[in-house]
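Right, one structure below, let's go through it.
Chain letters run A, B, ... following the sequence lines, proteins first, then strands; residues in each count from 1.
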Amino acid sequence: MNLKLSTLAAALLATVGSAHAVEVKYMLWDANQLPAYKQCAADFEKKNAGITIKITQSGWNDYWTTVSTGFVSGTAPDVFTDHLAKYPEFAKNEQLLDLAPMIQRDKVDTGAYTSGLYDNWGREGKQYGLPKDWDTIGMVVNMEMAKKAGVSLAELQAMTWNPKDGGSFEKIVRKLSLDGSGNNASNAKFDKKKVSTYGYGFWNSGSGDMMGQTEWSHFAVSNGFKFQDKPWATTFYYDDAKLAETIDYLAGLPTKGLFASFENSKSLGADAMFVAKKVAMVPQGSWMITHFKTNAKFDHAWVPLPTGPTGTRATMFNGLADSIWAGSKVKEESWKWVKYLGSADCQSTVASYGVVFPAVKGMAEKAIEVQKGKGVDSSAFLTMAKSKTYLPPIADGGSEISEVMKAALETVLMGRSDATSALKTANTKVNQLAKK
Amino acid sequence: MANHAPHALSRTRRAETLTAWALVLPAFIGFALFYALPTLRAIEISFTDWNLLRSPKFVGLANYAAMLEDGKFWQGMKLSAIYVVLNIPLQVVLGLFLAVSMDRLTKSLFVKSIVLLPYLLSNVLVAMMWLWMLDPLLGLVNGMIDGLGFDRQPFFGGVDQALFTVAAVNIWRHMGLVAMLFLAGLQNIPRNLYEAAALEGASEWQMFWRITLPLLRPVMVFVLVTSVTGSFQIFDTIAVTTNGGPLDSTRVIVHYIVQNAFSFYKMGYASAMSMTLCVVMMLYTVFQMRVMKASQNDLA
Amino acid sequence: MTTLFAPVAPPAAHRIRIFTPGRIAAWFALGLMLLITLAPLWMVVKTALMQSANLYTESDQLLPSAPTLDNFIRVLGFMTLEESRALGGSGAEINFLRAMGNSLLFTSIIVVMQISLAAMAAYAFARLRFPGRNTLFALFVGSMMVPGVVTFIPNFILIKDLGLLNTMAGMVAPFCLMQGFSVFFLRQFFLSIPRDLEEAALLDGASYFYIFLHVVLPLSITPLATIAMLTGINMWNEFFWPYLVAKDEAQQVLPVALQTFKSQTAQGQPDWTGLMAATAITVMPTILLLVVMGRRVVESVQFSGGK
């Protein structure tokens, strides 16, 4: 094509400047994890003179645009935190470096990771990431409000749910929803129009698109729903009646006065409302433990998700990994960094910050200990990890599928359509997109 | 330029042409590189299927065919058109009111500066400010609404309200500019026209309709052409506040085009849509120019 | 009703009765509109001075109960990560001072280059005859009608192929050489200058270029200043193109920096007090400009519309 003056210049500079430090650009989205990884970077730089790690953090909404525009513009980060729902597209467009040869060459112990995590990041013999951490979902409850409402921790830990009457979950949520005069929602005098605290909230930045990781998938799966038969399968089951029941149930919460309308809760989001004591219970992932510890300045506890009609609790089991950009100019150094990120050393450091559960076996327990030391009991997440776990849906065409599901779910949640018809139309489209 | 010596004429003419080209060349390069060439390239790209990461694939008119069947494309055009209708008339009316006030009530520079201030702020800034003011739970406006006993309004978050809200924010930003433009026009109108009309017993409304408005027509047309074409291309405010939502209620055409280009990597499709938009805008401008020509006579 | 327009009056003084109901109503409406214009600006400042902890309780009050400069300090990057996060911030490191510097550079380069080149071209169109003049001018004016969205994809690809993504050069490229409006505006003005001075200079043997520099330009200070002011304002606020082309921290201009800051919070919800502090900082230069050069700015805007 065109003579790339810049590439020529870069090559010259590379040869001239090989004595100088090589910079590896690393990107992540979770601001809570930034301190832990800064520490890892500092330790890594000590052991690898000549390599500097530059870490950038970009919020979730912007993160993927930045990464993918970076692919296109040739300025993508060398290493970045990757996600199961996003990496198939990147791999298909040949933007991810296949790590398998280097893993073999350096004899990396792939068995050191919690089972299942490593395989999720590979396809047909190629490996696109080294596991970083895993997370499950739980519920965080404002214990001050619970005490006032006469709800005990034991009750919270043993909730049941079904899409017809909400089970003991809804009973508890009703006790926790209070109107301006102090009546709770199990009381006939409850004024739906003047609710001062809601019992349950789950809408943060959206409907959860194709994953519904914290928003709805756990209820749906505990009801018997499944996304696809196995990862990469091109047939989805979003039109399953069991999912429709679940979404209809959730969409009905504002009408019962148990949650703010979706239009109004969009601005702050359930998490912020929880911190502001406007919502009593919120489903969230284990990565939010530190966030609530810092910001929710009241007594709160993490409990496992309710048991569904199938008799089990269900949680999405998500494992992040670090991937290397195929267009990186510093592949060898990037690989060293990724190796370190996937090593027990770095993951031990991360565990000691108590923010996430690192992927290497045994590290999660360590993180839980650290959190206990800070006064947070996060054993609920381990309980969830031992219950029925399921993976996020993995398929080609993720961006467009997400867009379709987002539109469909928002339509239902905003009361514009019933779940069955919206999901049926959506699923047809999704199946078409997944086969592309 | 009556210079009959052919020798001198051709030398002067050559010198003139050379000088002219020397003066125009840099701007011409800019035009060619960043307007002409891209337009041609956009047409070329619109006939391909290309995701910028792999080689483009020629697909002929497939993009255009798909576009005609794409509900979201038509929705985008419709939303842009609705937005223009929401935005422009009110902007013009409010701007005119402000201009007349500044012409008759006060000539204070302070007032003029305040009126102009919103225009000097970027769309992004304005969007941030109103995002905060209109927040359903934290914003001042909803605080006042709630205090008066009404329901809190979602504004940017409301499916029915989002586009109106974006239009309102845009009006807030531009009515000052429009006012200033009208003010300049007003100040060009000779006072004796008013005095003569008053002598003949005309009321202020009559004077407004018969003298002021007609003589403001050139400014009015200028305002209309620039505002309409500008509004059709709105992107910044939406990118910052609603990002096309909720439920695609603010997915105006430019936003949809950008989404296709940078989120879905469908460069070819995005180009096809943008070319179509270009043609629509050109047709509108031609239409407006015709109206403009008709109004030139009013000035004299 | 009452007179809003001055009836027959001695030209020296408008003898209008001050307190007619119509006038009062008009003043009231004007006052209301001024209030609506200023209110958001005030809320931005007030929120920026508020403590994050009071966000939910005090957000719609008019004055902060416990004003603090913490948000400004945090946003300008003078706090450590931990302190910043403890105050509710995201720990996002946006360097606003650098973004401001970038904006300044971006705007200055474009204003200087674009105005110079536009003036040169406008003079050629207004005064010189050469083959293709009218067609070329029509093309330049026509470029104003092409929506930005058509050219942005190919321009993006061009800048990428030239390796100029995330550089100042790449950001200014589409703007600094030609802008239809500037050429059009200046050419109209040049046309309206009486030719006597130029013809006299021509008879004296001056070259066209000399005339341009020493005769025409000095007469055109006002429109040049106007166009410079308008272009400056537009470029200072430009968001779309820099957002596409230069997202790198080091190259961001203010609008892009602001947007990045907004999306950088822990789990999607904006850090309101920090965001408002950042907004206040970004608004400052513009307000300063108005205060210092108020009359000029107002006249520029009016002048551009009058023609």
### Message
At a 4.5 Å cut-off on heavy atoms, which part of Tyr119(B) comes close to chain C: side chain, backbone, both, or neither?
### Response
both
### Message
If I compare all heavy atoms of Ala270(B) with all of Ile153(C), which pair ends up nearest, and what's the gap?
### Response
CB-CD1, 3.7 Å
### Query
Is chain B contacted by the side chain of Met113(C), its backbone, both, or neither, given a heavy-atom distance below 4.5 Å?
neither
### Task
Would you mind checking which part of Tyr123(C) comes under 4.5 Å of any heavy atom in chain B, side chain (CB onward), backbone (N, CA, C, O), both or neither?
side chain
### Query
If you take all heavy atoms of Ala239(B) and Phe239(C), which pair is closest and at what distance?
CB-CE2, 4.5 Å
### Which atoms of Ala127(B) approach chain C - backbone, side chain, both or neither, heavy atom under 4.5 Å
neither
### Selection from Pro255(C), Ser182(C), Ala173(C) maximising heavy-atom pairs under 4.5 Å formed with chain B
Ala173(C)
### Message
Can you tell me which portion of Phe28(B) sits under 4.5 Å from chain C's heavy atoms? Options are side chain, backbone, both or neither.
### Response
both
#### Entry: Part of Phe235(B) within contact of chain C (heavy atom distance under 4.5 Å)
side chain
### Message
Do Val124(B) and Thr282(C) have side chains that approach each other closer than 4.5 Å (heavy atoms only, starting at C-beta)?
### Response
no
### Between Trp132(B) and Thr47(C), a side-chain donor and acceptor under 3.5 Å
yes
### Straight-line distance of Leu125(B) CG to Leu254(C) CG, nearest 0.5 Å
8.0 Å
### Query
Can you say whether Leu131(B) sits under 4.5 Å from chain C via the side chain, the backbone, both, or neither, judging by heavy atoms?
both
### Task
Look up atom OG in Ser122(B) and atom CE in Met235(C), then write down how far apart they are to the nearest 0.5 Å.
12.5 Å
### Message
For chain C, which candidate among Phe31(B), Phe110(B), Phe34(B) shows the most heavy-atom pairs at distances under 4.5 Å?
### Response
Phe34(B)
### Task
Under 4.5 Å, counting heavy-atom pairs only, tell me which of Leu121(B), Val254(B), Thr19(B) racks up the most with chain C.
Leu121(B)
### Query
Can you name the nearest heavy-atom pair linking Pro131(C) to Trp21(B), along with the distance?
O-NE1, 4.3 Å
### Task
Ignoring hydrogens and angles, tell me if any N or O in the side chain of Glu16(B) forms a donor-acceptor pair with the backbone of Leu128(C) under 3.5 Å.
no
### Query
Side chain, backbone, both or neither: which part of Ala278(C) has an atom under 4.5 Å from a heavy atom of chain B?
neither
### Query
Using non-hydrogen atoms only, which part of Met282(B) is less than 4.5 Å away from chain C: side chain, backbone, both, or neither?
side chain
### Message
Under a 4.5 Å cutoff for heavy-atom pairs, which residue among Ser46(B), Ala197(B), Ala20(B), Ala42(B) has the most contacts with chain C?
### Response
Ala20(B)
### Query
Picking from Ile287(C), Leu139(C), Asn234(C), which has the most non-hydrogen pairs under 4.5 angstrom with chain B?
Leu139(C)
#### Entry: Side chain / backbone / both / neither for Ile45(B) at chain C, heavy atoms under 4.5 Å
side chain
### Interchain contact, Met102(B) with chain C, by part (heavy-atom threshold 4.5 Å)
neither
## Note on the structure
Rounded to the nearest 0.5 Å, the CD atom of Glu238(C) sits from the CG atom of Asn123(B) at a distance of 9.5 Å
#### Entry: Heavy-atom pair with the smallest gap, counting every atom of Trp130(B) and Pro40(C)
CZ2-CG, 3.3 Å
### Task
With a 4.5 Å cut-off on heavy-atom pairs, point out which of Ile233(C), Val291(C), Leu290(C) contacts chain B the most.
Leu290(C)
### Heavy-atom pair count under 4.5 Å with chain C, highest-scoring of Leu120(B), Val24(B), Thr17(B)
Leu120(B)
### Query
Do Leu98(B) and Leu30(C) have side chains that get closer than 4.5 Å, going by heavy atoms?
yes
### Message
Taking side chain as everything from C-beta outward and backbone as N, CA, C, O, which of these in Leu109(B) sits under 4.5 Å from a heavy atom of chain C? Side chain, backbone, both or neither.
### Response
side chain
### Message
Is Leu275(C) close to chain B through its backbone or its side chain, or both, or neither, when contacts mean heavy atoms under 4.5 Å?
### Response
side chain
### Task
Check each atom of Met128(B) against the heavy atoms of chain C and say whether the ones under 4.5 Å are side chain, backbone, both or neither.
both
### Query
Would a 4.5 Å heavy-atom cut-off, applied to side chains only, mark Tyr35(B) and Gln179(C) as touching?
yes
### Task
Answer yes or no: is there a side-chain heavy-atom contact under 4.5 Å between Pro38(B) and Leu158(C)?
no
### Message
Given heavy-atom pairs under 4.5 angstrom as the criterion, report whether the side chain, backbone, both or neither of Met281(B) touches chain C.
### Response
side chain
### Task
Could you look at Arg133(C) and say if it's the side chain, the backbone, both or neither that has a heavy atom under 4.5 Å from chain B?
neither
### Summary
Turns out that what part of Leu37(B) lies under 4.5 Å from chain C's heavy atoms comes down to neither
### Message
If I compare all heavy atoms of Ala22(B) with all of Met120(C), which pair ends up nearest, and what's the gap?
### Response
O-CE, 4.2 Å
### Message
Is Leu116(B) close to chain C through its backbone or its side chain, or both, or neither, when contacts mean heavy atoms under 4.5 Å?
### Response
side chain
### Query
Taking Phe140(C), Phe209(C), Phe152(C) one by one, which has the highest count of heavy-atom pairs under 4.5 Å against chain B?
Phe140(C)
### Message
Below 4.5 Å, heavy-atom pairs only: which of Leu244(C), Val44(C), Leu289(C), Leu177(C) has the largest tally toward chain B?
### Response
Leu177(C)
#### Entry: Side-chain touch Ile157(C)/Arg41(B), heavy atoms, less than 4.5 angstrom
yes
### Message
Quick check on the interface: out of Cys176(C), Ala39(C), Ala124(C), Pro174(C), who has the most heavy-atom pairs with chain B under 4.5 Å?
### Response
Pro174(C)
### Query
Roughly how far, to the nearest 0.5 Å, is CZ of Arg173(B) from CG of Asn237(C)?
6.0 Å
### Query
Under 3.5 Å, is there a donor-acceptor pair between the side chain of Gln233(B) and the main chain of Val149(C)?
no
### Query
In Å and rounded to the nearest 0.5 Å, what is the CG to CG distance from Leu23(B) to Leu117(C)?
10.0 Å
### Task
Take Leu33(B) and Met178(C), measure what side-chain contact (heavy atoms from CB on, under 4.5 Å) needs, and give me the verdict at the end.
CA-CA 10 Å; Leu33(B) 265 186; Met178(C) 205 289 283; over 6 Å; no
